[in-house]
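These figures come from a predicted structure and were not determined experimentally.
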Amino acid sequence: MTTTTPAATLTGAPALAPLLARGALLSPLKRPRSDADFPRTRLVLPGLRIDLAKLAAYERVCGFATGADALPVTYPHVLGFPLAMRLMSGRDFPLPLLGLVHTSITVTRRAPMPATGTYELSVYVEGLAAHRRGTEASVVTEVRPGAAAGRGAASARGATGTAGVAGTAGVTGVAGADPVWESRSTYLARHRTTAAHAPEEPSAEPPAPLPALAEWPLGGDVGRRYAAASGDRNPIHLHPLTARLFGFPRAIAHGMWTVARCLAEHGTPDAAAVRARFRAPVLLPGTVTYGAGDGHFEMRGGDGRRLHVSGEVAPYPAA
């Protein structure tokens, strides 16, 4: 969607480690509530090119075919995550970063996105909403075609791109163009609330488990491999010792890895609408079961009982 919030243009993607540290330090000072003010600035990163080495690492850890011409449907979330963290780690974001839970994501991809293209990325906080368990923030990421200023080294997947540098063969930007890709993520801050009138969580869970199609053993290094490819080095994903500091018995898989792994197996149309809801963390190492049917997908525990993530894929626009 198009927003009229003021824009701040960046020259490169922010480094995630300092943002995570800032967010952790400021978390004890936050007093979350659904009617709090929130940052209204839209962060814009023009001239974005893809780091093809990192993309290949992402494809490998998530199970996508490597070397494809188009980006995996979930990869733009990785590109936008540093901008989202810059907003959510700031003093003016009312929810504490520590303990913030990614609860859902919706993705609309209107066309394939060449891996060697140039793009304009924008991220903003759409709003806050009361939740029966606390307060939920909605964060929107949009990707538009960027202006092609030259053909450079974009002719092969073997090249390495850098953020904030224009000049690649790709789709030519059009002023005011609609996003070719957009997502809306919800993040929940749990806290005491008297909002008994808060809307109930919509359930995307089928009445019974979907047909089990695959069983995947997960090594203890899945979190570290995904962190290296995505830049999201939250300590709960890296090692049992650091995960225990936050109340987990072992390291847990990134939620976006669980969605990406399912979609790599399921497949998506060139123009697609994806919805996913995160249900429960996946402990590492472990075994999970992938199920799918009638456009729905899910990841459950190895015994098929505990649901970790559920979602659906449909063509865009809907038939």
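- Between A292 and H266, the shortest heavy-atom distance links the atoms CB-CD2, 4.0 Å.
- For the residue pair L20 and N234, the shortest heavy atom distance occurs at CD1-N, 4.4 Å.
- Remark: R91 fails to qualify as a cation-pi partner of F93 under the 6.0 Å distance and 45° angle criteria applied to the six-membered ring.
- Side-chain atoms of H254 never come within 3.5 Å of backbone atoms of M256 as a donor-acceptor pair (strictly under, hydrogens ignored).
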Self-check item: side chain to side chain donor-acceptor pair (under 3.5 Å) between S34 and T135, worked out
Solution: CA-CA 5 Å; S34 60; T135 299; 4.9 Å; no
Practice problem: Please test Y187 against H102 for side-chain contact (heavy atoms from CB on, under 4.5 Å), starting from the C-alpha separation and ending with a verdict. | Solution: CA-CA 4 Å; Y187 297 91; H102 195 182; 3.6 Å; yes
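- Taking both residues in full, the closest heavy atoms of A227 and L238 are given as CB-CD2, 3.7 Å, listed atom of the first, atom of the second, then distance.
- Contact between G80 and T141 at its shortest, heavy atoms only, is CA-CG2, 4.2 Å.
- Across R86 and L19, no two heavy atoms sit closer than the pair N-CD1, 3.6 Å.
- Here the side chains of Y316 and R109 are not in contact, with every heavy-atom distance at 4.5 Å or above.
- The two atoms that bring G304 and P209 nearest to each other are O-CG, 4.2 Å, heavy atoms only.
- Checked options T106, V143, T108, V107; the residue passing with E182 is T108 (criterion: side-chain contact (heavy atoms from CB on, under 4.5 Å)).
- For R190, the CZ atom sits in a loose shell: 12 or fewer heavy atoms of surrounding residues, nucleotides or ligands are nearer than 6.0 Å.
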Quiz prompt | Evaluation steps, side chain to side chain donor-acceptor pair (under 3.5 Å), between R22 and S89 | solution = CA-CA 6 Å; R22 180 177 72 171; S89 66; 2.8 Å; yes
Quiz item: Given W216 and E265, is the side-chain contact (heavy atoms from CB on, under 4.5 Å) satisfied, shown in steps?
Solution: CA-CA 11 Å; W216 299 324; E265 192 75 12; 3.8 Å; yes
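- In this structure, D303 does not pair ionically with R306, as no charged nitrogen and carboxylate oxygen lie closer than 4.0 Å.
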Practice problem: Test Y58 against V78 for side-chain contact (heavy atoms from CB on, under 4.5 Å), laying out the working first. | Solution: CA-CA 9 Å; Y58 177 89; V78 171; 3.6 Å; yes
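- The only option from R133, E136, R279, R277 that meets the side-chain hydrogen bond (donor to acceptor under 3.5 Å, both in side chains) definition with T103 turns out to be E136.
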